[in-house]
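Below you'll find the structure, written out as structure tokens, and then a few comments.
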Amino acid sequence: MGQQSKNEHEHHHHHMQHEEHSSGMDGMNHSHHDHTGHAHHEMSGMDHSMHMGNFKQKFWLSLILAIPIIVLSPMMGIELPFQFTFPGSDWIVLILATILFVYGGQPFLSGAKMELKQKNPAMMTLISMGISVAYFYSIYSFLANQFFHQHVMDFFWELATLIVIMLLGHWIEMNAVSNASDALQKLAELLPDEVTRLTENGEETVSLQEVHEGDLLIVRAGDKMPTDGRIEKGSTTVDESAVTGESRGVVKKEGDKVIGGSVNGDGTIQIKVTGTGESGYLAKVMEMVRLAQSEKSKLEALSDKVAKWLFYVALFAGILTFVLWLFIDDLPNALERMVTVFIIACPHALGLAIPLVVARSTSIAAKNGLLLKNRNALENAHDIEMILLDKTGTLTQGTFSVTGVELLDEQYTQDEALQYIGALEASANHPIATGIMNYLKEQKIQPYEAQDEKNISGVGLSGTVRGKTVKIINEKELNRIDQSVEKNRIQSYQEQGNTISYLLVENKLVALIALGDKIKPEAKTFIAELKERGIQPVMLTGDNEDAAANVADYLGMSDYYSALLPEGKEKIVASWTQAGKRVMMVGDGINDAPSLARATIGVAIGAGTDVAIDSADVVLTNSNPEDILHFLDLAKETRKKMIQNLWWGAGYNIVAIPLAAGVLAPIGILLSPAVGAILMSLSTVIVALNAMTLKIRK
């Protein structure tokens, strides 16, 4: 497209684009969405059972049950100074431990069941193995001691501390990461509960559920479009920014399509419902979000990988220990050695290794304008190769407004020029007029009165103001009448893809006014910084090729996609992620929600829509793209700490498991349970201290 065509006053390309945008996305009646499998964010790979019970409550109640067990039963057979027993205390320990195992262990056992069903043992399976072996072996030990008077060591102490520490870890993590709320609910809220339907007997108010395809609905000024439909009568400007992310209002007349959830401007219109149920635009967006999220949850958490490895190691080491000790010694001793291996393999420190780092990094993130909604976000943000940026609202302010006024005739003041422009634009019904009138209001400028206003198709507006012939024309018309403006006066506006209108008074060029979506001042340095880090920035926009090329060029970006529909964005993100690229997507509209959910990391702009925020992993509360750099720095530091903590948390197993198995028994060294317990406590303390030293370098 030529340079002038993008400045056409009537923006034909834009309207066409929007008509294509809404075609095929016919009506819908959203309010009876009840996808039970709706898009709930998995808080982490290991936390499938998060919704099962409140961890805070579980932790405190389990702690109350655990204290008597800790006081009344020895630690790995060693009595601590504060411990005591009395006749019948064994029974109290047994009863409390049983309640604790069933109540406190429930989230882990349910989680393990789910992991094993998916043939993917991880953290939950490892914890479950530790607590189950400890519990059932302790029952055997209790029966042996009580009824057969054999002295068999029990593991009630380990059972109690393991459950309480693992619950604490999960609670810290749940507390740190905000729960993703229900994006579907937010989508339903975009639609009105009641609508005005036109029947042969006049108007009636009905609930949205009762609307059928082919019904005629009345949508008054300022109301939300209840369904997708086609305008049968009237014309208006529609604000589709919440739905499509498009900043400028779109002029709609008879025959044009409207999207459910968009906001009607100043005209009253009658729309014919073109479809209900699952065929509407918002329903399609929601379905894409749901699918993308379910596929994305396959990303595995770091701690899960370690836990899976530990699970197999412990299983192999435990069984091997049992078999070898059976040859050397008797069955009770072989059993005890195997159980010691299983219990030691489920380290207390591992349960806290990641949650403590997550809690610390979440609070650092909050101070830096980042809200972390998915705790895997920080782990997955390492080695991001490309960042896909939605233009409107992310790189730009997201509002169609005046970006500059240039006076071209010194006989007039700037205020006078604006009073002339306002006189003609006051009665016009299109986005440029709205932008200009808002600007005049902000500047407290009262426009002149105009007579004989006319809309000249493809050119602009004309009329008589204070006895003078006044016109507002586009660049195409300016070239046609052989007038021109110095290149340097308009270059920066053209670079930013602005629409420029020119004011003529008595056929003399008086001023120009530029409108567009202002590029955020920090966007240029942000793009430069990304390139410096070796990350490829790519711009995605629904704008036409010309406008997109100008903005990309101004920001120094060589890669961009223009004229995109929401599914277009999602397809681009999907194609990169499927090619094995680690992709971050940044956006703010409902149309960005599917791509935010699909990307390795989805980042929503805080000033954007609730639905986008719900589909994202991270929210920029200050709407400043530069905060993404802080996020990448924090992710790097966080991952480093996580790996260190996992080494501390699981690493002691490298020493403890073989010792517990009795590799040094031939030379008389058998891991004393007390030493095992000290090692366990030591690694937990180191993990906690290490997490606290996490900071972000600026």
>> Which residue in the set Asp559, Ile384, Ile387 passes side chain to side chain contact (heavy atoms under 4.5 Å, CB included) when paired with Gln536?
In response: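 Answer to the side chain to side chain contact (heavy atoms under 4.5 Å, CB included) test with Gln536 among Asp559, Ile384, Ile387: Asp559.
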
> Just by distance, do the side chain of Arg360 and the backbone of Leu694 share a donor-acceptor pair under 3.5 Å?
Replying inline: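 At least one qualifying donor-acceptor pair exists.
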
> For Ser401, which residues count as a side chain to side chain donor-acceptor pair (under 3.5 Å) partner, sequence neighbours excluded?
Replying inline: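 Residues passing side chain to side chain donor-acceptor pair (under 3.5 Å) with Ser401: none at all.
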
Can you tell whether the side chains of [X] and [Y] come within less than 4.0 Å, N to carboxylate O?
X      : Y      : value
Asp256 : Arg230 : no
Lys569 : Asp390 : yes
Glu637 : Lys641 : no

Residues two or more places apart in sequence or in another chain: which of them pass side chain to side chain contact (heavy atoms under 4.5 Å, CB included) with [X]?
X      : result
Ser575 : none
Pro537 : Leu389, Ile527, Leu530, Lys531, Met557
Asp383 : Arg582

> Can you list the residues that meet the salt bridge (charged side-chain N to carboxylate O under 4.0 Å, His left out) rule with Arg220, with sequence neighbours excluded?
Replying inline: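 Arg220 satisfies salt bridge (charged side-chain N to carboxylate O under 4.0 Å, His left out) with Glu203 only.
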
>> If the condition is ring-ring contact (aromatic ring centres under 6.0 Å, His included), which residues does Phe59 pass it with, not counting sequence neighbours?
In response: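 With sequence neighbours excluded, Phe59 shows a ring-ring contact (aromatic ring centres under 6.0 Å, His included) to Trp171, given in chain and number order.
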
> Does a side chain donor of either Lys224 or Asn264 reach within less than 3.5 Å of an acceptor in the other side chain?
Replying inline: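 No, because no side-chain N or O of Lys224 sits under 3.5 Å from a partner of the opposite role on Asn264.
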
>> Could you walk me through whether Lys518 and Thr396 satisfy the side chain to side chain contact (heavy atoms under 4.5 Å, CB included) test, starting with their C-alpha distance in whole Å, then the side-chain angles of each, then the deciding distance to 0.1 Å, before giving a yes or no?
In response: CA-CA 5 Å; Lys518 280 185 193 153; Thr396 65; over 6 Å; no

